[in-house]
Number of protein chains: 2
Amino acid sequence: MIIKKILLKRVLVSDNSCMILSMENKKATIKDVASHSLVSIKTVSRVINNEYGVSKITKSNLFIFIKALDYNPNKAAQGLRSKKSFLIGLVYDNPDKFYLSDIQSGVLETCAKNGFSVVLFPCNHKEKDLTEKLIEFAKRTNLDGLIPTISHTDMKELVKNLQLEIPLCVVSPGLLTSNPLCVSSDDFKATYSMTCHLIKQGHKEIGFIKGHKDHGAIESDLRKVGIRTKIDDRNIRPGTKHYDWEIKGVPIRLEIGPIFASNDAMAAGVMKAAHKAKINIPNDISLVGFDNSPTASQAWPSITTIAQPIKEMASSAAQILIDNISNKSEKKNINKTFDSDIVVRIDGQK
Amino acid sequence: MIIKKILLKRVLVSDNSCMILSMENKKATIKDVASHSLVSIKTVSRVINNEYGVSKITKSNLFIFIKALDYNPNKAAQGLRSKKSFLIGLVYDNPDKFYLSDIQSGVLETCAKNGFSVVLFPCNHKEKDLTEKLIEFAKRTNLDGLIPTISHTDMKELVKNLQLEIPLCVVSPGLLTSNPLCVSSDDFKATYSMTCHLIKQGHKEIGFIKGHKDHGAIESDLRKVGIRTKIDDRNIRPGTKHYDWEIKGVPIRLEIGPIFASNDAMAAGVMKAAHKAKINIPNDISLVGFDNSPTASQAWPSITTIAQPIKEMASSAAQILIDNISNKSEKKNINKTFDSDIVVRIDGQK
DNA sequence: TGATACAATGACAACGATATCTATTCTAAA
DNA sequence: TTTAGAATAGATATCGTTGTCATTGTATCA
C-alpha cells in the first residue's frame with residue numbers, strides 16, 4: 001500500500017514539477033514545494049503558517065525543500081485569501097524629525113521581523129475630516145492595523161472613532177490610558193526627576209516654557225505637571241522674572257530662573273535669545289530641555305535634557321499591534337509604560 | 001432583442017447583488033460594480049485600468065457606480081493576477097534625519113498619487129553582501145522597484161548589480177551619470193556659487209572641512225571640487241592656517257580662513273570649537289555649511305548654508321521609476337538634475 | 001475485537017482581480 | 001443590402017494561497 005502511494009506521487013511529481021529544475025528563473029510556489037516534498041499544498045501551507053497538525057518529520061523535511069527551492073510565500077496570494085494585507089500604517093503629524101526617525105526604525109524592525117510592511121501616513125492634525133481621511137486611507141490601502149503617534153490635540157476623539165474601524169496601538173508621549181492598546185512614556189516621572197535635579201543644584205525658582213501650542217500641547221502640559229508637582233512638593237516658587245524675546249516675529253515673554261524648556265528646540269530658542277541679551281548660560285541661568293535631540297548636544301554649551309526610549313516604545317507598539325491582529329495575545333487591554341532618562345551635560349559650566 | 005438582454009441582466013443583478021445594499025459593511029468588489037452597472041467585470045476592469053475599448057458613456061456610467069459603491073480595487077488580487085506588488089523600496093543608510101525626512105515625503109507623495117506604497121529599507125552600506133541582501137529583500141517583499149539614496153561608497157558596483165534584478169531610480173547627491181534612471185543635485189554648481197559668495201565678501205583664503213569619511217564621502221569630494229574650481233579660477237588660496245579641536249575625543253586639525261563645512265553638522269562642530277577657543281563667528285572668521293538642516297538655523301549665529309531641493313528630487317525619482325515600471329515612458333535613460341540654492345543668514349554680523 | 005478519539009494529511013472551493021480569447025454591435029464602404 | 005473591420009463587451013481560465021471539510025492512519029479503551 002505504502003509503495004503504491006509513493007509511486008503514485010512520483011508520477012504526480014514528474015507530471016508537474018520535474019521541469020522545475022530547469023525553470024530556475026521562475027519563482028517557486030507552494031505547489032512546487034508540495035510536489036517536491038511529496039505532500040499536499042495544504043500541508044506546506046500549514047508549515048509556513050506554523051499551524052498545528054503536521055508531524056515533526058514532515059515539517060523538517062519540508063523546511064529542507066523550502067530552503068532548497070528558495071521558496072517565499074506570495075504575499076498577494078496570502079493576502080487575497082486570508083483577507084490580510086500585512087501592512088501597518090504609521091500615522092504622524094510633522095513631529096521632530098529625530099523623533100520620527102526613531103519611531104520609524106522601531107516600528108520598521110519589529111514589523112519586518114513579523115513579515116509586515118509599514119506604510120507611512122503623514123498628516124496634519126488640524127485637517128478637517130482627518131478621521132474620515134484616515135479611515136478612507138486604511139480601507140484603500142487595506143491596512144491590517146494603525147499606529148498613531150504624535151501629535152493630535154484632539155487625539156482622544158480621533159482614536160475612539162478609528163478604533164471602531166481598525167486595530168490600533170497608540171504611541172503616546174505622556175500617559176494616556178483611554179486606549180485599549182497603548183504604549184507611552186512617563187513624562188511626569190521624568191520631569192519630576194529633572195526638577196529634583198535642578199533643585200539639587202540649589203535653584204529655588206523654576207521657569208517653564210511650553211512648546212508651540214499647535215505642537216505637542218498635550219506633552220507640554222503633562223511635562224509641566226511633573227515640574228509643578230515637584231515645585232509644590234518642595235515649596236519652590238515657579239519662575240516669575242521674565243524678559244522678552246521673539247521667535248519668527250512673535251514676541252514671547254520668557255520667565256527666567258533656571259529654565260525648563262518643554263523641548264530641545266525651545267531650549268535652543270532660549271539660548272539664542274540669551275546670547276542676544278548677553279546672558280550667559282549656564283553661569284547666569286540654568287537651562288534644561290526635553291527630547292535629547294541632536295540640537296541639545298550640538299549646541300554650545302550642550303543642553304541637559306531628557307531622553308525617552310522612543311525606538312523601544314515604537315517597537316513595542318508594533319509588536320502589541322501585530323500580536324493583536326494575529327490573535328496571538330488574548331489580552332484586550334495592554335498599556336505599556338516606559339521610563340525616560342535624564343541626560344546631564346555640563347560642558348559649559350564654570 | 002435589447003429588451004431581452006436587459007431583462008436577462010436584471011435577473012443576474014437580483015441573483016448576485018441586490019442584497020449589496022443591505023450588506024453595507026462588506027467591501028464592494030469589481031463584481032458588485034459590474035452587476036450594478038449591468039456590464040461585465042472585464043469592462044469595469046478596463047475602466048479602472050484606463051484601458052482602451054470602453055465607450056465614454058459606459059465609462060462615465062461606471063464611475064458613478066464605482067463612487068456610489070465606494071469601490072476600491074483589491075490590491076492583493078490585482079497584484080496576484082498582474083504579478084505586481086505596487087510596492088517600491090526606499091533604500092537608505094543612516095543619512096541626516098532631515099535629509100531622510102524630505103526624501104521620504106517626496107517619494108511618499110508621488111507613490112501615493114500613483115497607487116503605490118513605500119517600503120523602507122534602512123541598511124549599512126558597509127555591510128557584507130549588501131547587494132545580495134537587497135536582492136533578497138526585493139524578492140521577498142516582491143517589490144516593483146527600488147530607490148537607492150545615500151550613501152553607498154561603492155554604489156556604482158551595487159547599482160550595476162541591482163539593476164539586473166529590479167528597476168531602479170537612484171537619488172544621488174552630486175552628479176552620477178552611470179545609471180539609466182537617476183535624479184541628482186548639482187553640488188558642483190552649488191559649492192561654486194557659495195565660494196563666489198565668500199569671495200564677494202572679500203575673503204582670499206578658504207578652508208574646507210570634509211564630513212566623516214564613512215558618511216557622504218562622495219558628496220564631500222564633489223562639494224570640494226566645486227570650491228576648488230572656483231578657487232583655482234580666481235587665484236584664491238585654499239586655507240592653510242589651522243587650529244586643533246576634537247570631536248568625540250578624536251583630534252582634528254582645522255584649517256581656518258573663512259570655513260566651508262561640507263555639511264551643517266560639521267559647521268556646528270566648528271562653531272562649538274570656536275566658542276571654546278574664544279573665536280567669534282562671524283566676526284573673526286566666516287563659516288558656511290551645507291544641507292540647510294535645522295541645526296543651521298537654530299545655531300547662534302545661524303549659519304549660511306546650501307539647500308538642495310531634496311523633496312522635489314525624491315518625488316521626481318519616484319515618478320520616473322513608476323513610469324518606467326508601468327511602461328508609460330519609452331525612454332530608457334533619464335538623468336534629471338536639480339539646482340541647489342544658497343541660504344544666506346546674517347544675524348550674527350556686526 | 002471493534003469502537004473511539006485524535007493526530008496527520010489531503011481534495012477542492014474560494015479570495016478578487018486580470019488575461020485571453022470570443023462574440024456582438026456599429027459604422028462605412030462596396 | 002451586404003460586409004469588412006473597428007469598437008465594444010463578455011465568458012472563462014488563472015494567479016498562489018488559505019479555509020472548509022473529508023479522509024486516513026494509529027493508539028487507546030472497553
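Note on naming: letters A, B, ... go to the chains in the order of the sequence lines (proteins, then strands), and numbering restarts at 1 for each one.
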Parallel, tilted or perpendicular, judged at 30° and 60°: which one describes the rings of A:F65 and A:H36? tilted
Let's see if you can work this out: which of D:dT17, C:dT9, C:dT18 has an atom nearest to the side-chain heavy atoms of A:T29? D:dT17
Proximal nucleotide (of C:dA17, D:dG16, D:dG19) relative to the B:Y71 side chain: C:dA17
Consider the side chain of A:K42, meaning its heavy atoms from C-beta on, and name the nucleotide among D:dT18, D:dG16, D:dG10 that approaches it most closely. D:dT18
Grab the NZ-P distance between B:K31 and D:dG10 for me, whole Å please. 15 Å
Taking CD1 from B:I57 and C1' from D:dA7, how many angstroms apart are they, rounded to a whole number? 13 Å
When rounded to whole Å, the CD1 to P distance for the pair A:I41 and D:dG16 reads 11 Å
Roughly, in whole Å, what's the span from CD1 in A:I30 to P in D:dG19? 11 Å
Side chain of B:R46, base of D:dT8: donor and acceptor closer than 3.5 Å? no
Whole angstroms only, please: what is the NZ-C1' distance between B:K27 and C:dG16? 11 Å
On a plain distance test, is the side chain of A:R81 in donor-acceptor contact with the base of D:dT18 below 3.5 Å? yes
To the nearest angstrom, the CG-P distance between A:L62 and C:dT9 comes to 9 Å
Send over the distance from A:E51 CD to C:dA8 C1', rounded to a whole Å. 13 Å
